[in-house]
Amino acid sequence: MALAKALKQNPRQIAQTIVENLDLSGVIAKAEVAGPGFINLWLNDAWVAQQCEHAEHDERLGIVKKADPVKVVVDYSGPNMAKQMHVGHLRSTIIGDTLSNLLEFLGDEVIRQNHIGDWGTQFGMLIAYLEEMGEDGSGSLKDLEQFYKDAKARFDADAAFADKAREYVVKIQSGDAHCLTLWKRFIDISLGHCEEVYEKLDVNLTRDDVRAESFYNESLAKVVSDLDKAGLLTESDGAQCVFLEGDEIPVIVQKRDGGYLYATTDLAALYYRANVLGAKRISYVVDARQGGHFKQVFRVAKETGFVPEDVRLEHIAFGTMMDKSGKPFKTRDGGTVKLIDLLDEAVVRAKEAITAKDDYSQEELESVAKIVGIGAVKYADLAINRESNYIFDWDKMLSFEGNTSLYMQYAYARIQSIFRKFGGEIEGEIIIGDALEHRLAVMLLRFEEVLLRAADEAAPNQITGYLYDLVTLFMRFYERNPILKEGVEEQTKMSRLLLADLTAKTIKQGLDILGIQVVDKL
RNA sequence: GCGCCUGUGGCUCAAUUGGAUAGAGCAUCAGACUUCGGAUCUGAGGGUUAGAGGUUCGAGUCCUCUCAGGCGUACCA
C-alpha cells in the first residue's frame, strides 16, 4: 500500500501483481491479497519444520552473530559511594544489565561502565568521621546509611569537625596522601556493599567495569579549555557556561569557585568513551528526569567534536518506581528503601509463594527461592515499557499467572519434567501436524527478530512480551497435543518432543538475556 | 512562566513504529479433569484509546488546541 502513492495505482492491483509474480519456492505455501491491499503469506510447513530443526541443533538457536559488530558502552547502575544502594538504583542496574547481555549475545562488543559517584564534598565529612572512628570505622560502615547520618550529625553539631571536613575535601583534591588513603578505604568498603547487591541480583557487573567519577578528574580542566578554544564558552555570573541556541538554561561546566560539575564529568566521560574506548554507540541507562541534562550534554559533545558525528548517543530513560498506591516507593517512615533489604524480602516472599504447593528440602528451598524471588523482581521491572512509571507490587510479581517470571519458569520446569519422564534420546524430525503446531513453530522462529528489535529500541519488554506469547501458545499446544500419552505415534511423539525442547531452550535463552535463571523443578 | 513526559475496560499493562475487527493478565461470571505437573486450559461480559478539530485510502500512534497528572527548570549528582 505504500507503493500505491508512488505508482499511482490501486493498491489491490499492485498486491495482485506482486502475488502473481512471487517465487514461492518452498518457503511460502500460499499468498493471498486481502482487504485494501494486504498480502497474506502462509509459510510452508516443511520449511518451518526444517528451520526449527536447525535452531534445535544449534547452540545459538539459529541466531547468527552480527556481521558488523560495534563497540557499545552501556553506562548503568552508577551508585553513589556516600550512601547505600537504594531502590532508585534498581531499574538502571537491571535494565542496563539486560541491554548489555542482549547486545553481547547478538555479537556486539559491550563495554559496561559503572560510573560510581566517588567524588564530591560529602566525602570530606565522611573520611573525617572515618578517621575519628579509627579501627571501628570499618565496623560501623556495615550500615552506610547510619554512618552517613552520624557523620552529618557530627558535622552539624561540631564546628571544629565541620572545618576539618571541609579541609579534608580540599586535601583529597590536592592529593594529600593521608586523606587519599582514608578516601580509598571508604570507597573500597562502600563498593563492597554494592558488589554484595550485584551478587544477589545476579548482575554482570564487576570491579573491572567501574570507571568512577574521580577517574575523569584529570581531564576536567581540558574539557573547559577545549570548549573555550571552540569558542563556546561564556562567562556568566562568574561561572563558565555553554549557551546552546534555543535553550534558556546554559550548561555550566565550571562554577564561580572554580569547581567542576557533573556536566563537565559527563563530557569528559563522553570523550573518553568515544575516543579512547572507541565506542560507536553509548547508552546511558538513567532516570527519565535527567532527560534535559543528557540532551544538552550530548549536544555540546557533538557540537565541539568531543564525540564524532557517527557515534550514537542515547539516553535510555526509565520511569520512577512507585508503590502499590501510586506514590514514590518509600519505607513506612518515609525513608528510602535499601536495595539489599528489598532483595532479601523478595527471597522470603518467594519462599512463601512456592512452599504453598510443593515440598522442598531445605537446600532446594533456599536455592529455588533465590532464583524465583530475584527473577520475579527483575522480570516485573523489565516487562513494562521502561519509560512509564513502574508500580512495584509483590503479589503481582510473585504470581504464577499472567506475564510473570514464575509462569515462564513453571513452563520451563514442566517441559523438563516431560523429558525426565521420557528418559530416552530423541530420534526423529519435526513434522508439523496441525495449525497449532504451525503457529508454535513460527513463533519459535520469530525469536531472533524480537531480539533485534529489543536491542535497537533498548526495550526489554519486547522480550518478555514475546516469551509470554510463546509460553501461552506452548501451553495450549501441550494441552491439546499429547506427547507421551498412550497411542501417540512414535514419529509424532519425537516431533512434539523436539518442539517442546526448542521451546524450553528459547525460554531459557530469553530469560538468560534478562538475567534470570531457570530451574528444572519448581 | 517555559520545557519535557504521560493519559488505552474497575486495576496493571500490550499494540510489530501509520495498517485489517485495539489485545493480554488480574478481578467477575460460566465451563473442561480417573492431571504426559490443574501452579493448567476453554469461554463470556466489560472500550467513543482524556476531549475537540485536522492530515489520508487508513490514526491509540502524526499535527493543532483544550483538560488532567507527573517531572525538570544556572553553579548537587
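Residue numbers start from 1 in every chain, and the chains themselves are labelled A, B, ... in the order their sequence lines are given, proteins ahead of strands.
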Checklist entry - Donor-acceptor pair, A/Asp237 side chain versus A/Ala239 backbone, under 3.5 Å? => result no
Next on the checklist: At 4.0 Å (heavy atoms only), tell me whether A/Asp237 reaches a base, stays on the sugar-phosphate, or touches nothing.
Outcome noted: base
Checklist entry - To the nearest Å, how far apart are A/Leu398 CG and B/rC26 P? => result 15 Å
Next on the checklist: Work out how far the P atom of B/rG3 is from that of B/rC65, and round it to whole angstrom.
Outcome noted: 10 Å
Item to check | Separation of the P atoms in B/rA15 and B/rU73, to the nearest angstrom | outcome: 30 Å
Item to check | Among B/rC76, B/rA74, B/rC36, the one nearest A/Leu261 by side-chain distance | outcome: B/rC76
Next on the checklist: Would you measure the distance from the C1' atom in B/rC11 across to the matching atom in B/rA52 and give it in whole Å?
Outcome noted: 28 Å
Checklist entry - Any Lys/Arg nitrogen of A/Asp395 or A/Lys324 sitting under 4.0 Å from an Asp/Glu carboxylate oxygen of the other? => result yes
Checklist entry - What class does the angle between the rings of A/Tyr390 and A/Phe392 fall in, given that below 30° is parallel, 30 to 60° is tilted and above 60° is perpendicular? => result perpendicular
Checklist entry - When you compare B/rA44 with B/rG9, how far apart are their C1' atoms, in angstrom units rounded to a whole number? => result 15 Å
Item to check | Watson-Crick/G-U partner (both atom distances under 3.5 Å) of B/rU28 | outcome: B/rA44
Item to check | Position toward the 5' end of RNA chain B (nearest nucleotide), A/His293 or A/Ile252 | outcome: A/Ile252
Next on the checklist: Nearest to the side chain of A/Cys241, heavy atoms from C-beta on, is which of B/rA14, B/rA74, B/rC36?
Outcome noted: B/rA74
Checklist entry - Ring-on-base stacking between A/Phe38 and B/rA20, under 5.5 Å between centres and under 30° between planes: is it there? => result yes
Checklist entry - Between the base of B/rA20 and the side chain of A/Asn40, is there a donor-acceptor distance below 3.5 Å? => result yes
Item to check | A/Lys505 side chain reached by A/Glu56 side chain, heavy atoms, under 4.5 Å | outcome: yes
Checklist entry - Given B/rA15, is OP1 or OP2 found less than 4.0 Å from the side-chain N or O atoms of A/Gln462? => result yes
Item to check | Parallel, tilted or perpendicular: rings of A/Phe186 and A/Phe147 (30°, 60°) | outcome: tilted
Next on the checklist: Under a 4.0 Å threshold between the charged nitrogen and the carboxylate oxygen, would A/Asp323 count as salt-bridged to A/Lys327?
Outcome noted: no
Item to check | Under 3.5 Å on both distances, the Watson-Crick or G-U partner of B/rC33 | outcome: none
Next on the checklist: Whole angstroms only, please: what is the CZ-P distance between A/Phe294 and B/rA77?
Outcome noted: 13 Å
Item to check | Ring centroid separation A/Phe477 to A/Phe474 under 6.0 Å | outcome: yes
Checklist entry - Base, sugar-phosphate alone, or nothing: which one does A/Glu213 contact when heavy atoms must sit under 4.0 Å apart? => result sugar-phosphate
Checklist entry - Expressed in whole Å, how much space separates the P atoms belonging to B/rA32 and B/rA50? => result 40 Å
Next on the checklist: Just to be sure I understand the rule, does A/Asp257 reach a base, reach only the sugar-phosphate, or reach nothing, if contact means heavy atoms closer than 4.0 Å?
Outcome noted: nothing
Checklist entry - Just checking, any donor-acceptor pair under 3.5 angstrom between side chains of A/Tyr260 and A/Asn217? => result no
Next on the checklist: Measuring to OP1 and OP2 of B/rU6, would you say a side-chain N or O of A/Tyr390 lies under 4.0 angstrom away?
Outcome noted: no
Checklist entry - Over how many whole Å does the gap from A/Met397 atom CE to B/rC11 atom P extend? => result 20 Å
Next on the checklist: In this structure, how many angstroms lie between the C1' atom of B/rA24 and the NZ atom of A/Lys396, rounded?
Outcome noted: 11 Å
Item to check | Closest to the A/Tyr468 side chain, choosing from B/rC36, B/rC4, B/rG25 | outcome: B/rG25
Checklist outcome for this item: Between A/Gly117 and A/Gln416, the residue closer to the 5' end of RNA chain B by nearest nucleotide is A/Gln416
Checklist entry - Rounded to whole angstrom units, what separation is found between the CD atom of A/Gln290 and the P atom of B/rC4? => result 18 Å
Next on the checklist: Side chain of A/Pro482, heavy atoms from C-beta onward: which of B/rA14, B/rU40, B/rC36 has the nearest atom to it?
Outcome noted: B/rC36
Checklist entry - Is A/Ala288 touching bases, backbone alone, or none of the nucleic acid, heavy atoms closer than 4.0 Å? => result nothing
Next on the checklist: Taking only the P atom of each, what is the distance from B/rG45 to B/rG10 in whole angstrom?
Outcome noted: 16 Å
Item to check | Out of B/rA15, B/rC2, B/rU73, whichever nucleotide has its closest atom nearest the side chain of A/Ile249 | outcome: B/rU73
Checklist entry - Base, sugar-phosphate alone, or nothing: which one does A/Phe422 contact when heavy atoms must sit under 4.0 Å apart? => result nothing
Item to check | Nearest-Å distance once atom C1' is located in both B/rA22 and B/rC41 | outcome: 25 Å
Item to check | Touch class at under 4.0 angstrom, heavy-atom based, for A/Phe243 against every strand present | outcome: base
Checklist outcome for this item: As its Watson-Crick or G-U partner within any shown strand, both distances under 3.5 Å, B/rG19 has B/rC57
Checklist outcome for this item: By the Watson-Crick or G-U definition, both distances under 3.5 Å, B/rG9 is matched with none
Checklist entry - Given atom CZ of A/Arg12 and atom C1' of B/rG58, what is their separation to the nearest angstrom? => result 15 Å
Checklist entry - Taking atom C1' in both B/rG19 and B/rC76, what distance in whole Å separates the two? => result 48 Å
Item to check | Minimum-distance nucleotide to A/Arg414 side chain [options: B/rG38, B/rC41, B/rG25] | outcome: B/rG38
Next on the checklist: Strictly by Watson-Crick or wobble contacts shorter than 3.5 Å, is anything paired with B/rU73, and which nucleotide is it?
Outcome noted: B/rG1
Checklist entry - Counting any heavy atom closer than 4.0 Å, what does A/Ala34 reach on the DNA or RNA strands: base, sugar-phosphate only, or nothing? => result base
Item to check | Nucleotide B/rA15, atom P - distance to CD1 of A/Ile384 in whole Å | outcome: 11 Å
Item to check | Sugar-phosphate only, base, or nothing, as touched by A/Arg476 at under 4.0 Å among non-hydrogen atoms | outcome: sugar-phosphate
Checklist entry - With no angle test and no hydrogens, is the base of B/rA77 tied to the side chain of A/Thr265 by a donor-acceptor pair under 3.5 Å? => result no
Item to check | Between A/His115 and A/Tyr216, ring centroids under 6.0 Å | outcome: yes
Next on the checklist: Please report the distance, rounded to the nearest Å, between CG in A/Leu406 and C1' in B/rU40.
Outcome noted: 15 Å
Checklist entry - So what does A/Arg289 hit on the nucleic acid, given a heavy-atom distance under 4.0 Å: a base, only sugar-phosphate, or nothing? => result sugar-phosphate
Next on the checklist: Regarding A/Thr404, tell me which of base, sugar-phosphate or nothing describes its non-hydrogen contacts under 4.0 Å with the strands shown.
Outcome noted: nothing
Next on the checklist: So A/Glu401, base contact, sugar-phosphate only, or nothing? Heavy-atom distance under 4.0 Å.
Outcome noted: sugar-phosphate
Next on the checklist: Nearest to the side chain of A/Tyr410, heavy atoms from C-beta on, is which of B/rA14, B/rU40, B/rA20?
Outcome noted: B/rU40
